[in-house]
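Here is the structure we will look at, set down as structure tokens.
Note that the numbering runs from 1 along the sequence shown for the chain. Hydrogens, waters and symmetry mates are skipped; everything else that's a heavy atom, side chains included, is used. Just so you know, ligand 1 is whichever comes first in the structure, and atom 1 is the first atom listed for that ligand.
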Amino acid sequence: MQMMNVAVKQGKGEGEVAEVLVVGHFEDDASLKGDAATVDKALGGALRAFLSCKEFEGKNQQIVVLHTQGEIPAKRVLLVGLGKKQDARLDTIRQAMGCVAKRVRQIGAASLVTPVLGQGIPRTTPLELAQAMTEGALLGLYQFNEYRTDQNGAGKSLSRMTLIEPHTERVAKLREGVRRGRAGAEAASFVRDLCNHPSNVMTPSRVAAEARAIGKERGVKVKILEQKKVEQLGMGAFLGVARGSHEPPKFIILEYRGGGRGSNGKAGKPIVLVGKTITFDTGGISLKPAENMEQMKADMTGGAEVLATVRASARLQLPLHVIGILPATENMPGGRAIKPGDILKTLSGKTVEVQNTDAEGRLILADGLAYASRLKPAAVVDIATLTGACAVALGQFAIGMFGNQDGLKAQIREAGNRAGERVWEMPLWDDYFEQLKSDVADMRNIGGRGGGMITAALFLSKFVGAGVPWVHLDIASTDWSERERAYIPKGPTGIGTRLLLQFLIDQAKLPN
Ligand code: BES
Ligand code: MN
Ligand code: ZN
């Protein structure tokens with residue numbers, strides 16, 4: 001699907017020829033302000049009328065549309081509520097634009113013009129607002145129709161959004177915001193696509209092909225380790241999970257070397273991203289119940305996010321050294337599948353007793369993290385749909401975060417806040433390790449009752465090299481939405497992608 005074009009133009013909203021002109025209003029402002037006030041005046045008080053009869057109050061995501069009858073060059077005006085000013089965040093603007101873009105498409109208009117919304121929200125720059133608006137609109141419009149032969153609504157498409165800015169000196173900043181916003185939306189949409197594809201299409205081999213395609217981007221090299229090579233290296237945990245499947249496993253490595261300026265340019269120590277890439281999780285011999293099992297096609301979200309982030313880093317030409325690692329396999333029951341009680345020797349040399357084959361994510365990540373630790377990394381961040389316990393503890397709105405270094409955790413937290421993909425820290429205390437003790441091996445792969453998200457993270461920590469700064473992100477449940485939201489569709493969300501990209505943009509020290 002073609003993504004909408006987004007442009008920035010110097011000018012005044014009320015003077016623009018447009019199918020739809022957007023203006024915003026904070027709920028607690030006593031009267032219309034800025035562009036909304038100017039447009040209202042030109043329309044003889046037509047917007048004010050909505051406020052005075054309380055048909056429109058400016059509540060979050062509230063929208064009214066009116067025809068201008070030729071009183072200004074724009075055919076229609078769309079007034080969008082931004083809620084109370086003190087509650088407003090960058091994500092308020094992202095959400096508002098998601099709703100606006102969907103409404104404009106529904107009307108049947110092909111283009112919209114909008115000023116920068118949300119000016120006056122504390123601690124946000126025009127660049128960030130333009131970025132958030134671009135992300136909200138593009139992600140709100142996301143659809144996945146690859147397997148529909150009955151595409152209704154085809155033909156209706158919103159193809160152009162123009163940010164209109166009166167101050168010439170701000171135009172360049174806004175353009176940079178749009179560039180980053182587009183990169184973020186493109187990355188998250190790519191993840192949604194990969195996760196929407198069913199597992200009979202999105203096999204480990206297909207994921208490897210997607211990675212190879214990213215190898216065409218400037219500065220990116222891709223290496224796929226096949227089963228034989230992985231055996232030689234001794235990744236017993238990853239291979240153990242792959243044993244039950246007829247699909248060949250792939251250990252995928254992408255390396256992006258951006259030039260010059262940044263803190264860790266070409267030659268610098270790499271930032272390594274590791275993504276759980278289970279293209280389907282049946283649970284293996286510890287088989288999952290049938291209900292909702294189809295959602296396990298998205299158990300590769302972490303890997304897809306790493307692919308998308310490396311691709312976006314290259315497209316933005318960030319001055320960084322980034323490596324992405326995806327251990328990719330299915331988790332299937334089969335005649336050769338691992339069984340409860342089996343003991344696997346991991347790449348790190350440590351042995352693991354597999355007491356539950358459904359705790360497979362931590363097995364493949366154990367080898368992924370051990371491999372990452374050998375690359376002399378500046379930092380390692382892994383991202384995984386790891387535990388149902390994360391869904392129980394944090395629900396739909398927070399990513400579980402664990403880590404061994406305060407500085408790195410703070411950077412990830414900040415990137416999450418800015419991206420509207422927020423993390424919540426959980427404890428990584430060694431006290432919990434008694435739950436992972438095995439009678440026959442160095443550890444077991446489940447932690448029994450209580451603290452399931454924590455014991456999974458603690459298991460992973462045992463495979464991170466000494467002195468390596470590391471953060472683990474559990475995106476189980478944030479990866480999939482049960483309902484449509486402002487800029488999030490029902491199904492795969494891609495949440496985590498823009499957090500990772502924002503983290504890298506921050507590392508590159510690009511100005512905001
Ligand atoms: N992929 C699942 C976790 C998951 C569950 C992700 C629901 C998204 C939604 C993971 O591999 C898994 O099965 N974890 C088990 C671990 C248990 C056996 C210790 C779980 O959470 O039930
Ligand atoms: Mn599982
Ligand atoms: Zn899984």
Side-chain angles (χ1 to χ4, degrees), residues 191 195 199 202 204 207 237-238 240-245 249 274-305 326-334 337-342 352-368 382-400 426 432 435-438 443-460 472-482 490-496:
V191 172
C195 295
S199 71
M202 198 50 62
V207 177
F238 173 51
V241 174
R243 282 181 66 88
S245 171
V274 185
K276 171 176 172 181
T277 316
I278 295 291
T279 58
F280 197 87
D281 183 9
T282 65
I285 295 298
S286 312
L287 194 63
K288 285 182 181 296
E291 200 185 346
N292 294 333
M293 205 210 272
E294 74 285 350
Q295 293 181 7
M296 285 300 121
K297 69 179 181 177
D299 210 20
M300 42 146 316
T301 304
E305 295 190 343
L326 293 80
T329 177
E330 291 182 327
N331 184 25
M332 297 287 286
I338 47 169
K339 305 168 288 298
D342 286 3
V352 177
E353 181 190 1
V354 179
Q355 285 194 350
N356 189 318
T357 64
D358 197 11
E360 86 296 343
R362 63 198 76 183
L363 294 173
I364 67 166
L365 288 173
D367 285 343
D382 82 71
I383 188 153
T385 47
L386 201 63
T387 66
C390 174
V392 175
L394 295 176
Q396 284 266 294
F397 301 103
I399 294 170
M426 302 294 290
Y432 290 94
Q435 290 177 237
L436 288 170
K437 288 206 167 121
S438 161
M443 64 189 98
R444 58 178 187 153
N445 77 330
I446 52 171
R449 285 177 72 86
M453 173 169 39
I454 301 169
T455 49
L458 192 61
F459 180 94
L460 296 183
H472 158 61
L473 298 171
D474 195 334
I475 51 168
S477 97
T478 39
D479 73 302
W480 189 283
S481 183
E482 291 299 336
K490 194 162 176 276
T493 64
I495 286 177

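Heavy-atom proximity to Asp299, at under 4.0 Å, picks out these atoms of ligand 1: 1 (N). Near Ala476, the atoms of ligand 1 lying under 4.0 angstrom from a non-hydrogen atom of the residue are 6 (C), 8 (C). The atoms of ligand 1 that sit less than 4.0 Å from any heavy atom of Thr385 are 1 (N), 2 (C), 3 (C), 6 (C). Listed by number with element, the atoms of ligand 1 under 4.0 Å from a non-hydrogen atom of Asn356 are 18 (C). Each of the following atoms of ligand 1 lies closer than 4.0 Å to a heavy atom of Glu360: 11 (O). Contact atoms of ligand 1 toward Ile446: 19 (C) (distance under 4.0 Å to a heavy atom of the residue). Of all atoms in ligand 1, numbered sequentially from 1 with element shown, those under 4.0 Å from a heavy atom of Gly388 are 3 (C), 5 (C), 20 (C), 21 (O).
Shown here are the protein N/O/S atoms lying under 2.8 Å from the Zn ion (ligand 3), water excluded: Lys276 NZ, Asp281 OD2, Asp299 OD2, Glu360 OE2.
Residue contacts with ligand 1, taken as heavy atom pairs separated by less than 4.0 Å, involve Asp358 via backbone and side-chain atoms alike. Contacts between Lys288 and ligand 1, counted as non-hydrogen atom pairs separated by less than 4.0 Å, involve the side chain only. Using a 4.0 Å cut-off between heavy atoms, Leu386 contacts ligand 1 through its backbone alone, with no side-chain atom that close.
Residue Ser477 has no N or O atom closer than 3.5 Å to an N or O atom of ligand 1. At under 3.5 Å, not a single nitrogen or oxygen of Thr387, backbone or side chain, sits near a nitrogen or oxygen of ligand 1. Taking any N or O of Lys276, backbone or side chain, at least one lies under 3.5 Å from an N or O belonging to ligand 1. Ligand 1 has no N or O atom lying under 3.5 Å from any N or O atom of Arg362, backbone or side chain.
Centred on the Mn ion (ligand 2), the angle running from Asp358 (O) to Glu360 (OE1) is recorded as 70°, rounding to 10°.
No other N/O/S atom of Asp281 lies as close to the Mn ion (ligand 2) as OD2 does.
When the heavy atoms of Met453, Met296, Met293 are ranked by distance to atom 9 (C) of ligand 1, first place goes to Met296.
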Step-by-step side chain to side chain donor-acceptor pair (under 3.5 Å) determination, Asn356 to Ser286: CA-CA 6 Å; Asn356 189 318; Ser286 312; 3.3 Å; yes
Check against side chain to side chain contact (heavy atoms under 4.5 Å, CB included), Phe397 and Thr478: CA-CA 6 Å; Phe397 301 103; Thr478 39; 6.0 Å; no
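What sits closest to atom 2 (C) of ligand 1 on the protein, heavy atoms only, is Asp281 OD2, 3.6 Å.
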